[in-house]
Protein chains: 2
Amino acid sequence: MNIGEASAQSGLSAKTIRYYEDISLITPPRDANGYRAFHAQDVHKLIFLNRARTLGFSIEECRDLLALYEDQNRASSDVKHIAQTHLQQIEGKITQLQDMHATLSHLIKECAGDNRPNCPILKGLSGNK
Amino acid sequence: MNIGEASAQSGLSAKTIRYYEDISLITPPRDANGYRAFHAQDVHKLIFLNRARTLGFSIEECRDLLALYEDQNRASSDVKHIAQTHLQQIEGKITQLQDMHATLSHLIKECAGDNRPNCPILKGLSGNK
DNA sequence: CATAAGGGTTCCAGTAACAGGAAGGTCAAG
DNA sequence: CTTGACCTTCCTGTTACTGGAACCCTTATG
């Protein structure tokens with residue numbers, strides 16, 4: 001299977017797949033013509049990577065997860081630990097975004113949004129509350 | 001006032017301030033010795049930028065906001081429009097993170113987290129639900 | 001057989017928003 | 001005069017790719 005087919009099956013772009021090979025996340029063999037030769041197992045890895053990335057795992061976290069994915073003797077606690085750490089990061093980001101949301105929607109609410117130059121949003125941003 | 005003092009008053013690092021000059025967000029004059037000379041007005045701009053960045057506005061959004069900040073004839077509706085667009089982006093990110101959170105916490109919940117190799121998290125990521 | 005379309009390949013540059021660090025100029029104090 | 005704290009510019013690295021150029025391979029068609 002060439003990279004185009006692997007791309008279609010995994011949902012990752014060819015560019016991304018080449019990049020993943022570049023950073024040694026995957027190591028597909030080559031055909032005589034130099035084309036990458038993907039097999040079902042490689043595609044599974046790509047799908048795995050796609051899902052993990054979609055869930056916000058960083059490339060390095062994906063590398064760890066992939067190593068555990070391939071290790072038949074892994075302990076599920078190792079995986080759980082990575083996932084839990086990541087979940088906490090997600091929670092932190094949500095909290096931060098909610099703070100931003102509250103502040104910004106408060107400023108917007110106070111703004112008339114008309115043709116007059118007086119603007120509470122800019123005032124709020126400049127620190128003159 | 002030198003960059004160190006401007007940094008202390010604005011809360012931005014000297015590195016960041018130099019970068020902002022690089023991309024023409026600010027244009028402080030220079031003393032005879034080549035040092036940047038900041039005045040109160042420059043510091044106000046830096047504080048403004050710091051707050052806007054903290055609220056998640058991109059540099060380009062900040063550039064627009066700064067132009068409006070300096071324009072005495074601006075309409076508050078212009079500012080409101082930028083802020084509302086940004087608020088929607090924040091809401092989108094929150095939704096996305098909440099989806100990720102739900103999926104991941106579901107996977108974690110199913111995982112025993114012990115020494116056995118069986119791991120529902122990896123199963124979930126590989127697509128074999 | 002020539003060629004054109006639609007794959008594939010590598011390599012280089014750019015993105016966002018800075019941070020780190022090197023090499024060197026400046027200034028005030030002791 | 002030297003020390004140390006500033007300041008300067010310039011170069012590199014970060015994250016996870018995307019876009020584009022230049023070029024090779026394969027297959028179908030006139």
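Heavy-atom basis, side chains included; hydrogens, waters and symmetry copies ignored. Order of the sequence lines fixes the chain letters, A, B, ..., with proteins taken first and strands second; residue numbering starts at 1 for each chain.
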note = OG1 of A:Thr95 to CG of B:Leu97, rounded to nearest 0.5 Å, is 10.0 Å
request  = Look at the side-chain N and O atoms of A:Asn33 and state whether any lies under 4.0 Å from the OP1 or OP2 oxygen of D:dT26.
outcome  = yes
query = The side chain of A:Arg53 lies closest to which of these nucleotides: D:dC17, C:dG8, C:dA17?
reply = D:dC17
task = Starting from the 5' end of DNA chain D, give me the residue, B:Lys15 or B:Gly4, whose nearest nucleotide shows up first.
result = B:Gly4
ask   = Whole-Å distance between C:dG25 P and B:Asp31 CG?
value = 19 Å
message = Tell me if a side-chain donor or acceptor on B:His39 pairs with a main-chain N or O of B:Met1 at a distance below 3.5 Å.
response = no
task = Would you mind telling me which of C:dA17, D:dC6, C:dT10 lies closest to the side-chain atoms of A:Arg36?
result = C:dT10
request  = Examine distances only and state if a side-chain atom of A:Lys45 and a backbone atom of A:Leu66 form a donor-acceptor pair shorter than 3.5 Å.
outcome  = no
inquiry  = Rounding to an integer number of Å, can you tell me how far A:Leu49 CG sits from D:dT15 P?
reply    = 17 Å
request  = Could you tell me which non-hydrogen atom of B:Arg51 sits nearest to which non-hydrogen atom of A:Gly124, and how far apart they are?
outcome  = NH1-O, 3.8 Å
request  = Ignoring backbone atoms, establish whether B:Arg30 has a side-chain N or O less than 4.0 Å from OP1 or OP2 of D:dT9.
outcome  = yes
key: Separation of D:dC6 C1' from B:Glu5 CD (nearest whole Å)   = 13 Å
note = Quick note, A:Tyr35 side chain, CB onward, closest among D:dA16, C:dA17, C:dG7 is C:dG7
key: Below 4.0 Å: OP1/OP2 of C:dC18 and any side-chain N or O of B:Ser13   = no
task = Measure from the side-chain N and O atoms of A:Arg36 to the backbone N and O of A:Arg30, and report whether any donor-acceptor pair falls under 3.5 Å.
result = no
inquiry  = What is the separation between atom CZ on A:Phe57 and atom P on D:dT15, rounded to the nearest whole Å?
reply    = 17 Å
B:Tyr20 vs C:dC18: side-chain N/O to OP1/OP2 distance below 4.0 Å = yes
key: Value in whole Å for how far the C1' atom of C:dT9 lies from CD1 of A:Ile17   = 15 Å
inquiry  = Using whole Å, what does the distance between atom P of nucleotide C:dA17 and atom CD of B:Glu21 come to?
reply    = 18 Å
Sugar-phosphate, base or nothing in reach of B:Ile23, heavy atoms under 4.0 Å = nothing
Any A:Arg18 side-chain N or O less than 4.0 Å from OP1/OP2 of D:dA16 = no
query = Quick one: B:Asp22 CG to D:dC10 P, roughly how many Å, whole number?
reply = 9 Å
ask   = Roughly, in whole Å, what's the span from OH in B:Tyr19 to C1' in D:dT14?
value = 13 Å
